[in-house]
Amino acid sequence: MRLAVLKERRSGETRVAATAETAKKLVGMGLEVAVEAGAGLASGITDEAYAEAGAAVVAGAAAALAGAGIVLKVRAPLAAGEGDVDELAAIPRGALLIGTLGADAEAAGRYAAAGIEACSMELLPRITRAQSMDVLSSQANLAGYRAVIEGAAAYDKGFPMMMTAAGTVPAANVFIMGAGVAGLQAIATARRLGGRVSATDVRPAAREEIKSLGAAFVGYEDEESKSAQTAGGYAKQLSAEFYAKQAAVVAAHIAKQDVVVCTALVQGRRAPTLVTEAMVAAMKPGAVVVDIAADAGGNCALTRPGKAVTTKNGVRILGYTNWPGRLPAAASALYARNLLTFLSTFWDKEAKAPRLPEEDDIVKGVMLTRGGAVVHPLMKPAA
Ligand code: NAD
């Protein structure tokens, strides 16, 4: 069976869905691996490295996709009108497509109509068995790290307290908003750099996790927040009253911060606004807000997704999107291993082909389409 790895064409996407390391393992599973020329360059992987791993390097998406039974992607394939190449039309009917497709019901309908068996890895259930395939975790962890590194670089003083003959530089106050996978890594990174770190979250379990990493917990808790976590481990959308009370508690704290790292998300919704315009206005000149929730609209009211801006009072707001893509080699390495684990977990060794049992919880979580129909409960067109 042929497996195709395409060059990512969406704007700002630097990652690739297979590395030379995973390509070699895929070849070892009995697959014929075709990599589009140049696919790994932005992640530091040359065509030669793929060829050495046993993959065929071919020019163009259509050549890579010809006869493919499996297609690995980072982002959704381009459809007609979305770019210079119609990747979707070149995917053979019946092929298994695996990526972070970010699909809605309409896109799922397109995959079904094209006869593509589409799996969207960001929908993976957060269960122990799925941990090694968890693309959200692997990428969020790197995003949290990178956010602090870029925040530190944009901040015009140092992070650690420095006692020098010329005087003392105080430690930076760093506040992490949202202590999920990205936020916890941000706490650890900011601590390693010597910052004085505090963090907030709404899920009750997060308070202890924050403290166990040596950061101070700053936040608002009440009856409502006691059940702020869904069965899947995510934060729930909370009431406007709760958010107002939370804002009142964090506002005074934010005014004293040098670097604020925003990571808060509510699954399937726009990111909650946690840092208002008034809060930014109260911050010191030279302070930095790093908003890695920018892909979901951002946690800061002044974030301009994709951009870095400086406010009139001298606060820098880094609202770049695709934070994992700012560390492409590491992000690709982990993402590619996540996909390899998924594929090898559902691999029929005898047939040398994938086998995705309908009743499996992981398969149920990620599979959008099967046999020309939309099967995912979240993607079915409204009745
Ligand atoms: P996420 O990216 O959806 O959100 C980031 C964080 O923002 C979360 O901690 C969330 O509680 C927080 N948040 C939301 N609204 C907020 C608000 N108003 N104020 C402050 N914080 C707010 O979350 P995630 O990083 O994907 O992690 C979600 C959960 O899944 C966590 O409990 C994590 O430990 C768990 N998890 C489990 C597994 C596993 O068992 N396989 C793997 C990964 C993550």
Side-chain angles (χ1 to χ4, degrees), residues 100 102 121-145 147 175-188 198-213 215-222 224-251 253-254 260-276 279 289-301 321-324 334 338 341-342 345 361-362 365-366:
T100 42
M121 295 297 286
E122 75 279 11
L123 299 173
L124 195 82
R126 307 313 268 286
I127 53 176
T128 309
R129 191 163 67 92
Q131 251 168 9
S132 51
M133 316 167 195
D134 189 341
V135 297
L136 285 186
S137 290
S138 76
Q139 305 301 290
N141 180 47
L142 294 171
Y145 161 80
F175 184 40
I176 315 292
M177 305 193 77
V181 178
L184 293 177
Q185 181 56 256
I187 293 172
S198 57
T200 192
D201 204 300
V202 287
R203 290 178 300 106
R207 176 195 254 273
E208 289 316 308
E209 286 165 355
I210 289 168
K211 287 192 186 159
S212 72
L213 286 176
F217 175 81
V218 175
Y220 174 73
E221 292 167 310
D222 64 8
E224 186 178 352
S225 63
K226 278 188 190 152
S227 55
Q229 182 162 320
T230 65
Y234 292 102
K236 282 185 195 159
Q237 173 80 8
L238 300 170
S239 67
E241 293 75 38
F242 177 89
Y243 287 127
K245 286 177 185 151
Q246 183 190 28
V249 171
V250 298
H253 187 66
I254 286 179
V260 177
V261 178
C262 301
T263 78
L265 294 176
V266 177
Q267 200 193 21
R269 289 181 177 262
R270 195 196 176 283
T273 302
L274 304 179
V275 183
T276 62
M279 291 182 200
V289 176
V290 188
D291 198 344
I292 64 172
D295 286 287
N299 292 144
C300 176
T321 46
N322 190 10
W323 282 84
L334 299 189
N338 290 146
T341 307
F342 176 74
T345 302
D361 284 338
I362 296 176
V366 299

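Indexing begins at 1, ligand by ligand and atom by atom, following the structure's order.
- For the ligand labelled ligand 1, residue Ala130 lies outside the 4.0 Å heavy-atom shell.
- At distances below 3.5 Å, not a single donor-acceptor pair connects side-chain atoms of Asp295 with backbone N or O atoms of Thr321.
- Looking only at protein heavy atoms, the nearest one to atom 41 (N) of ligand 1 is Gln131 CG, 3.1 Å.
- For ligand 1, the atoms closer than 4.0 angstrom to any heavy atom of Val202 are 15 (N), 16 (C), 17 (C), 18 (N), 19 (N), 20 (C), 21 (N), 22 (C).
- Those atoms of ligand 1 that come under 4.0 Å of a heavy atom in Ser137, given as number and element, are 42 (C), 43 (C), 44 (C).
- Atom CG in Leu123 sits 7.5 Å away from atom CD in Gln267 (nearest 0.5 Å).
- The closest non-hydrogen atom to atom 4 (O) of ligand 1, taken over Leu265, Asp201, Val181, comes from Leu265.
- Close approach of ligand 1 to Ala235 is summarised as follows: ligand atoms under 4.0 Å from at least one heavy atom of the residue are 10 (C), 11 (O), 14 (C).
- Of the protein's non-hydrogen atoms, the one nearest atom 29 (C) of ligand 1 is Gly233 O, 2.9 Å.
- Under the 4.0 angstrom criterion for non-hydrogen atoms, Leu136 is not in contact with ligand 1.
- In this structure, Arg270 contributes its side chain and Gly297 its backbone to a donor-acceptor pair below 3.5 Å.
- Remark: the backbone N or O of Asn299 is paired with a side-chain donor or acceptor of Asp291 at under 3.5 angstrom.
- Heavy atoms of Ala264 found under 4.0 angstrom from ligand 1 belong to the backbone as well as the side chain.
- Within the 4.5 Å cutoff, the side chain of Ile187 has no heavy atoms near those of the Glu209 side chain.
- Ranking the protein heavy atoms by distance from atom 37 (C) of ligand 1 puts Arg126 CB, 3.8 Å first.
- With respect to atom 19 (N) of ligand 1, the closest heavy atom belonging to the protein is Gln246 NE2, 2.8 Å.
- Not a single heavy atom of Ala206 sits under 4.0 Å from any atom of ligand 1.
- Although no hydrogens or angles enter the test, the distance criterion places a donor-acceptor pair under 3.5 Å between the side chain of Thr263 and the main chain of Gly178.
- Between Gly180 and ligand 1, a contact under 3.5 Å exists for at least one N or O pair.
- Of the candidates Val275, Thr200, Val289, Phe175 forms a side-chain contact (heavy atoms from CB on, under 4.5 Å) with just one, namely Thr200.
- Between the side chain of Asp201 and the backbone N or O of Met177, no donor-acceptor pair lies under 3.5 Å.
- Residues Glu241 and Asp222 fail the side-chain proximity criterion, which asks for heavy atoms closer than 4.5 Å.
- Under the 4.0 angstrom criterion, atom 35 (C) of ligand 1 counts as lacking any protein heavy-atom contact.
- In this structure, Met177 does not count as a contact residue of ligand 1, since none of its heavy atoms falls inside 4.0 Å of the ligand.
- A donor-acceptor contact shorter than 3.5 Å is absent between the side chain of Tyr145 and the backbone of Gln185.
- Among protein heavy atoms, the minimum distance from atom 5 (C) of ligand 1 is reached at Thr263 O, 3.3 Å.
- In terms of protein heavy-atom proximity, atom 42 (C) of ligand 1 is nearest to Asp134 OD2, 3.3 Å.
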For Gln131 and Ser137, run side-chain contact (heavy atoms from CB on, under 4.5 Å): C-alpha distance rounded to whole Å, both residues' side-chain angles, the deciding distance at 0.1 Å, then the answer. CA-CA 8 Å; Gln131 251 168 9; Ser137 290; over 6 Å; no
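- The closest protein non-hydrogen atom to atom 32 (O) of ligand 1 is Arg203 NH1, 2.9 Å.
- Considering only non-hydrogen protein atoms, atom 3 (O) of ligand 1 sits nearest to Tyr234 CD2, 3.4 Å.
- The shortest separation from a heavy atom of Gln267 to ligand 1 is not under 4.0 Å, leaving the residue out of contact.
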Between Tyr243 and Gln237, does the side-chain contact (heavy atoms from CB on, under 4.5 Å) criterion hold? Intermediate values first, please. CA-CA 10 Å; Tyr243 287 127; Gln237 173 80 8; 4.0 Å; yes
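- Those atoms of ligand 1 that come under 4.0 Å of a heavy atom in Ile127, given as number and element, are 41 (N).
- Residue-ligand proximity, Ala179 to ligand 1, at heavy-atom distances under 4.0 Å covers atoms 9 (O).
- With a heavy-atom cut-off of 4.0 Å, Ala228 does not touch ligand 1 at all.
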